[in-house]
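Notes follow once the structure below has been shown.
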Amino acid sequence: MIDIQFVRDNPELVKEKSEQKGYTVDVEGLLALDEQRRQLLTDVEAKRAERNTLTATMKGGKPSPKQIEQGKILKDEIQTLESQLQPIDDKYLSLLVSIPNPAEDDVPPGGEHDGQEIKKNGTGKSQAEDHLDYATARDWVDFERGAKVAGAKFYFLKGDLALLENAITQFALQVIQRHGFTLMTVPHMVNAKTAVGTGFAPRSSEQSDEYYVEGEDLSLIATSELPLTGYHADEVLDEVNLPLLYAGYSPCYRKEAGTYGKHTRGLYRVHQFNKLEMYVYSLPEKSREMHEKILKIEEEIWQQIGIPYRVVNIAAGDLGFPAAKKYDIDYWSPVDGKYLELTSCSNCTDFQARNLNIRVRRQDGTITPVHTLNGTAVSLARSLVAVIENFQKDNGKLEVPPVLRLYMNNREEI
RNA sequence: GGAGAGAUGACCGAGUGGUUGAAGGUACUUGUCUUGAAAACAAGCGUGCCCGCAAGGGUACCGUGGGUUCGAAUCCCACUCUCUCCGCCA
């Protein structure tokens, strides 16, 4: 959630920034409730102070009937005030959490198509065979049987393609380990508190992309960002230990409801895929720098594998609720003749940390929310699409990118 | 899944209705002593929110949520988690 003090100090800016992200928020309503809430809180606390003073006079001895009578009156008054405060408090909180994290000033305005290309690397081929036809012909992927055992958009990877997935994972893991990330396996389900705190839609929401476990307070994770954010919930971290660099490896489960019409063929958009994720807990003043660093690591991975790509500074309207800034890396698709999203990294500033009460004790003794960042190292199903499209050889084989051969029994092609 | 025990501050650990935000200890910070360190001694040492320019004041918090009471860490109810034993099991 956003800092209420920031809203009090910058009501117009908050409104503007929210609209820029595509959210209509009731800032005036929030501030009015904030005002009411503080007034009532002051009243309640004054009454409680009265009660505390009264009970202090009754310590030990037997209270007189008169004292008890006075206590009963105070009790009623407190209850009345509290019952007035409760609904205001609830409404106040629901309005507060409806405000998205404002985009940073260097985020371009606009929506999905307004991202700003800030870099291009490598030149791609002009054409290639569609990855699904290519992989199916070689018996590397089986969507039909995936549908049989689970449903549409589920799949089996087989043989060399499954091995290639493993190779990409291993390679990426080596890269990020060199940069200081600690590998973690994580729970593949999280409770509502963690999911909502991370910024994912609550169970009741229509637009939720998560799978829920019936009868349990659990949802399947859409990314290891969820458990990795919850990992330090309700903790006060020590400044000397920051930044904390975690690498989460897990399957990601997504309903992908409402994505029809988007690029959906084959492995590009599926209900389940494995992902190696970088996650960072950072000092507030270091988070922008960390964000650039995560981007550099992602670039390093794709440069070394040899995939042509571009980097896009995502526009405000396409950022998502908790992110203040996001970079996507889009790979060159010779099949579609354009760039398609491959990875992304976000700076969520103190937004998730506020929700989940994750703070840092500074050297000077003050305590403040940390900043959290996440970035894809490799998102597997999609990485396979990028490699298949960009490494087809004339002899009908798929070249194994040189840096991956170490993890593929030194094979040069498959 | 069954039975039992438990959950208190950074940590250990007292506390079963009334100066308890919480004894005592450890750790930490500062000071005295010391050539320096250790030891010893002294002082300090939770978080959120509200009011206040500040100094400071108020309030809440002893797993979570309800309840009883003039008053709850302490009594009652529900839930969550941890530990031990049994069962099951990769």
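Just so it is clear, the model here is predicted, and its values are computed rather than measured. All chains are named by letter (A, B, ...) in the order of the sequence lines, taking the proteins before the strands, and each is independently numbered beginning at 1.
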> Does A:Asn52 put a side-chain nitrogen or oxygen below 4.0 Å from OP1 or OP2 of B:rG18?
Replying inline: no
> Roughly how far apart, to the nearest Å, are B:rG46 and B:rG9 at atom C1'?
Replying inline: 6 Å
> How does each nucleotide of nucleotides 45-51 of chain B score, in 5' to 3' order, for protein heavy atoms under 4.0 Å: base (B), sugar-phosphate only (S), or none (-)?
Replying inline: --SSSSS
> Residues two or more places apart in sequence or in another chain: which of them pass salt bridge (charged side-chain N to carboxylate O under 4.0 Å, His left out) with A:Asp90?
Replying inline: none
> More than 12 non-hydrogen atoms from neighbouring residues, nucleotides or ligands closer than 6.0 Å to OH on A:Tyr246, yes or no?
Replying inline: yes
Could you go through nucleotides 68-72 of chain B and list every protein N or O atom that sits under 3.5 Å from one of its N or O atoms, giving the distance for each pair?
unit_1 : atom_1 : unit_2  : atom_2 : d
B:rC70 : O4'    : A:Ile68 : O      : 3.4

>> Do A:Asn347 and A:Glu104 pair up side chain to side chain, a donor and an acceptor below 3.5 Å, judged on atom types alone?
In response: no
> Taking the C1' atom of each, how far is B:rU47 from B:rU34, in whole Å?
Replying inline: 38 Å
> Which value, in whole Å, describes the distance between the C1' atoms of nucleotides B:rC76 and B:rA27?
Replying inline: 38 Å
Atom pairs and distances, side-chain donor-acceptor, residues 166-174 of chain A, under 3.5 Å, sequence neighbours left out:
unit_1   : atom_1 : unit_2   : atom_2 : d
A:Thr169 : OG1    : A:Glu165 : O      : 2.8

> Taking both distances under 3.5 Å as the test for a Watson-Crick or G-U pair, what stems of at least three pairs does RNA chain B have?
Replying inline: B:1-7 with B:80-86, B:10-12 with B:24-26, B:28-32 with B:40-44, B:46-51 with B:56-61, B:63-67 with B:75-79
> For atom CG of A:Asp106, is the number of surrounding heavy atoms from other residues, nucleotides or ligands below 6.0 Å larger than 12?
Replying inline: yes
>> Taking only the P atom of each, what is the distance from B:rU69 to B:rC81 in whole angstrom?
In response: 32 Å
>> Suppose you measure atom C1' in B:rC62 against the same atom in B:rA10; what distance do you get, rounded to whole Å?
In response: 16 Å
>> Using the P atom as the point on both nucleotides, what is the distance between B:rG66 and B:rC85, in whole Å?
In response: 36 Å
> In whole angstroms, how far is the P atom of B:rA60 from the CD1 atom of A:Ile78?
Replying inline: 8 Å
> What integer number of Å spans the P atoms of B:rU59 and B:rU68?
Replying inline: 23 Å
> With A:Glu299, which residues qualify under side chain to side chain contact (heavy atoms under 4.5 Å, CB included), at least two apart?
Replying inline: A:Lys119, A:Leu295, A:Lys296, A:Gln303, A:Tyr309, A:Val311, A:Ile329
>> Using the P atom as the point on both nucleotides, what is the distance between B:rC83 and B:rG24, in whole Å?
In response: 32 Å
